[in-house]
Each structure stands twice: as structure tokens, then as C-alpha cells.
Amino acid sequence: MFRRRESVPFAFLAEADRFRSNVAPPPRERASAGQMAGRWLLGLTLVAGLVGSLVVGMPALSVDTASPTQQSQASQGR
């Protein structure tokens, strides 16, 4: 019914942010030639897609100031 309180050493929590391990992680595995080629191909595909969308979209974004009141021949004929 009456609990005995024991002191718990929490010093390890205070030292946790200062702890440095002396065990080095294993070195990263180098990518193979096929993986490197695949990454380059993916990157080039993405860049080509962005450039292509700009090339296709630029005419729609340009403002035509040369002939602002151009009418079709069908509307002039009647």
C-alpha cells in the first residue's frame, strides 16, 4: 500500500546528446554502371520533357501584337 521510492539514475539521458559512437557505419555500396546509366537517362528524360513543354507552350503564351483586329474571310464575305 505504501510504495517505496527508489532513486533512478537518469544521468544517461543527459549524456545521450553528447554520446559519440566509435563504430563507423559501413561504406556505401557504389552504384553499378547500369544504375548510373539509368539515373542519367531518367534525368535527361525529365529535362527533355520540361524543355519540350516550354517549346510547345511558348506559342500559346506569346501575345500577338502584329495584327490585333484580324478577321476571318468567312465573316467578311457576308
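Owing to the predicted nature of the structure, the values given are computational and were not obtained by experimental measurement.
Taking CD of Q35 as the start and CZ of R30 as the end, the distance is 11.5 Å to the nearest 0.5 Å.
By the rule that hydrophobic residues join a cluster once side-chain heavy atoms approach within less than 4.5 Å of another member, L50 and L42 end up as members of separate clusters.
Under a 4.5 Å side-chain heavy-atom cut-off, the cluster of Ile, Leu, Val, Met, Phe, Trp and Tyr residues that includes L54 has no other member.
Considering every non-hydrogen atom in both L41 and T45, the closest pair reads O-OG1, 2.7 Å.
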